[in-house]
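The block underneath contains the structure these notes are about, expressed in structure tokens.
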Amino acid sequence: RAMELPTSHFPAARAAAVALGYLRYLRGGPGRGLDLRELRRARRQDVDDVGHKYYLELELEDVLDKDRTVNCTAEVLYHLGSKSRAPDVQVTVQGELRSTEEADQEFYHRIRSLEKELVAENIPDSHGNVPPALQPIHLLAGVASGYLIWQNSTENTKFHLARVKHVKQVKRSDEDLQFDYVVLLHEMVSQEVIPWEVTVLWHPQRGARVSRDQRQPGHTLG
Amino acid sequence: HQVLRVVPKSDEELQKVQELQGLEHLQLDFWLAPRGLGFPVDIRVPFSSLQPVKAHLEASGVSYSIMIEDVQALVDEEQTQMLRSSRQLPLTTNTFNYKAYHTLDEIYNFMDLLVAENPNLVSKLEIGRSTENRPLYVLKFSTGGTNRPAVWIDTGIHSREWVTQASGVWFAKKIVQDHTNNEGVASILETMDIFLEIVTNPDGFAFTHTKNRMWRKTRSKHSGSICVGVDPNRNWDAGFGEAGASSNPCTETYHGPYANSEPEVKSIVDFVKSHGNIKAFISIHSYSQLLLYPYGYTETPAADQQELHEVSAKAVAALSSLYGTKYTYGSIITTIYKASGSTIDWTYNQGIKYSFTFELRDTGFYGFLLPAKQIVPTAEETWLGLKVIMEHARDNLY
């Protein structure tokens, strides 16, 4: 009942982007960025009265260690009719991801011991540079964006994180780190670049959690 | 390396700083050269020279501050090159920095250098003017003949896709080098001309440098809207205005008030029609790592679909052979999305069979903000794909 899809055609590619966003949210962190190396296989099943379900086989790479890849399978269910309902995603990662425990601890302590809250903007800069000290901040933005991409995708969209417009650390009384981001998301079909506020809480053991997000109104008119 | 700042407050202090300029063995790099009293002098000092330089200044009571404690940690190698090369225009295309992004002026200067260095091969044509009256330049590479069958390549039609203009600059130099060394495209140049428009949308490009790095469109203002710009890849007369473009001037895929309303587009249309002998047309974009052929505005397959698909397969294989970069290929409408009024749909319908669009690196991690150090690898691998298309056109003239 599931139809084989050409992996070179856009419906499979869009579903893969949703799966990647979800996976980045779940498994990404300041020490780990995941990217899609290859979409190996895609199938689609139309479920009556429910929606369209995609079955995907993906090969992922670790952005900080490109020689390292990992396979995963994913299911992405876009719900029928409802544009405001996030797709349901399930992923199974085969094998181990590189441990980031040491880097996570180092980052955690570095940020916790800052006297003044971290503030930065335009990551990467216009030339694609990310200063090494800001790389974990960039990767954490990828985690937050993964959440936004997962939550806001439909079969007619394909989102990527274009840039971190602004980021501000917020000191907390509990053990989490908090970063308030404004990210720019690039949507491929409309080609729009959309500013989005998103707050991420992160802890070395507990991982990342988006606590708040809001699409910013307005559009660059010129 | 540290960067020291000295603000000379007396003639003696100024002299002491100027003395440092003469001491070549110290390998000092003056980011801001001595200009006069009260003007800051910034000196990048390699680690091994720190002690003698500081001693020289301290011995004469010249105060200095450490502006940058550790240049290596703070500034990328590309950033340093960028800063250096942007303050002095290179004197030859051999000293031009291909590993950095450049401004419009720097690219236009590069073109003039290339022509001056190779007057028998390269000429610069002005095919029109942009909305803001910037010249639209095309480089012509020709070893002679009259109106030979030709290949057209354009980069930068969407201004935020910076790796494309940067690759265009590299392609221009590569064509000249191949010709000099009688290898690569030298054989193509025996029977064909190559036209290369590096900055196809100069107004947009200038805007990405000054105001908004994410600007895509032209900078035209059409009556009835406060919004600026038309998507130059929706403005062509192929399915113009149909689904796959927007009629809202405030959107990124606005098709414009009518086909060819944009001078950036009209100038190419006029050029192609009056030339009459273009056999391959390749329009270069980023990002997504795709090689695309017509159509975008209709599901009807192009008549030459099978051949275009086979050529694409070969081109992608050649591209991947260099660094393993993975590309996907197919028609626009099946591979990426429905798009009306796009460039290669028009050129194909004009009879230019080998009409292709590239979407260069990457697949979304950096997107439009591709790190400068990926410029040359991107250009190198793309060139291998372009050569497959050019060679196929040469061997299958119609």
Side-chain angles (χ1 to χ4, degrees), chain A residues 5-14 16-17 20-21 24 33-39 59 61 63 66 122-133 138-139 142 145 149 156-165 184-195 218-222, chain B residues 73-76 78-79 82 100-101 158 160 162-163 207-209 211-217 219 221 225-229 231 233-234 244 246 249-253 287-288 290 326-331 333-339 362-375:
Chain A
L5 295 179
T7 55
S8 60
H9 288 199
F10 65 75
R14 290 177 194 175
L20 181 66
R24 278 200 173 135
L34 293 168
D35 209 5
L36 182 65
R37 172 75 67 89
E38 196 178 336
L39 173 60
E59 188 187 2
E61 69 183 23
V63 159
K66 299 241 171 140
N122 290 338
I123 310 167
D125 69 15
S126 286
H127 303 263
N129 292 319
V130 177
H138 185 225
L139 291 177
S145 302
I149 292 167
N156 299 316
T157 62
K158 189 163 185 279
F159 289 97
H160 295 278
L161 170 63
R163 186 183 230 182
V164 175
K165 189 94 196 76
L184 298 179
L185 295 184
H186 172 229
E187 198 293 294
M188 196 62 77
V189 179
S190 65
Q191 290 293 333
E192 298 296 328
V193 172
I194 305 159
H219 177 96
T220 14
L221 302 175
Chain B
L74 217 56
V75 180
D76 248 22
E78 288 90 14
Q79 189 94 318
M82 176 67 205
Y101 290 110
H158 286 142
R160 62 190 179 194
W162 275 20
V163 72
F207 201 72
T208 59
H209 275 274
K211 288 273 166 33
N212 181 354
R213 176 64 177 81
M214 295 293 173
W215 191 260
R216 165 185 168 89
K217 300 187 288 182
R219 292 294 301 165
K221 295 174 177 71
S225 178
I226 51 169
C227 291
V228 177
D231 185 344
N233 200 24
R234 300 288 186 281
S246 169
C250 302
T251 57
E252 297 284 17
T253 57
Y287 58 92
S288 288
L290 305 170
K326 288 191 178 340
Y327 263 62
T328 303
Y329 57 96
S331 67
I333 198 169
T334 58
T335 309
I336 197 170
Y337 41 53
K338 187 170 196 171
D362 62 8
T363 54
F365 187 81
Y366 287 104
F368 300 123
L369 306 179
L370 195 71
K373 62 176 181 280
Q374 290 199 42
I375 293 171

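Proteins come first, then strands; the chains are lettered A, B, ... in the order of their sequence lines, and each starts at number 1.
- Heavy atoms closer than 4.5 Å to chain B are found in both the backbone and the side chain of A:Ser126.
- Legend: residues meeting side chain to side chain contact (heavy atoms under 4.5 Å, CB included) with B:Ile333, ordered by chain and number and at least two apart, are B:Glu299, B:Ser331, B:Lys338.
- Remark: B:Tyr366 pairs with no residue by the ring-ring contact (aromatic ring centres under 6.0 Å, His included) rule, at least two apart or across chains.
- Note: B:Leu369 leads B:Ile375, B:Thr328, B:Leu369 in heavy-atom pairs under 4.5 Å with chain A.
- The side-chain heavy atoms of A:Leu185 and A:His160, taken from C-beta on, include no pair separated by under 4.5 Å.
- Using cut-offs of 30° and 60° on the angle between ring planes, the pair A:His127 and B:Tyr101 is tilted.
- When the heavy atoms of residues 5-14 of chain A are compared with those of chain B, the residues falling under 4.5 Å are A:Ser8, A:His9, A:Phe10, A:Arg14, listed by number.
- Of the two parts of B:Tyr337, the backbone and the side chain both hold a non-hydrogen atom closer than 4.5 Å to a non-hydrogen atom of chain A.
- Using a 4.5 Å cut-off between heavy atoms, A:Leu34 does not touch chain B at all.
- Checked against ring-ring contact (aromatic ring centres under 6.0 Å, His included), B:Tyr329 has the following partners two or more places apart in sequence or in another chain: B:His309.
- The aromatic rings of B:Trp162 and B:His209 lie parallel to each other, their planes meeting at an angle below 30°, with 60° marking the opposite boundary.
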Side chain to side chain donor-acceptor pair (under 3.5 Å) between A:Glu192 and A:His186, worked out: CA-CA 6 Å; A:Glu192 298 296 328; A:His186 172 229; over 6 Å; no
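- Between B:Arg160 and B:Glu252 there is a salt bridge, since at least one side-chain N of the basic residue sits less than 4.0 Å from a carboxylate O of the acidic one.
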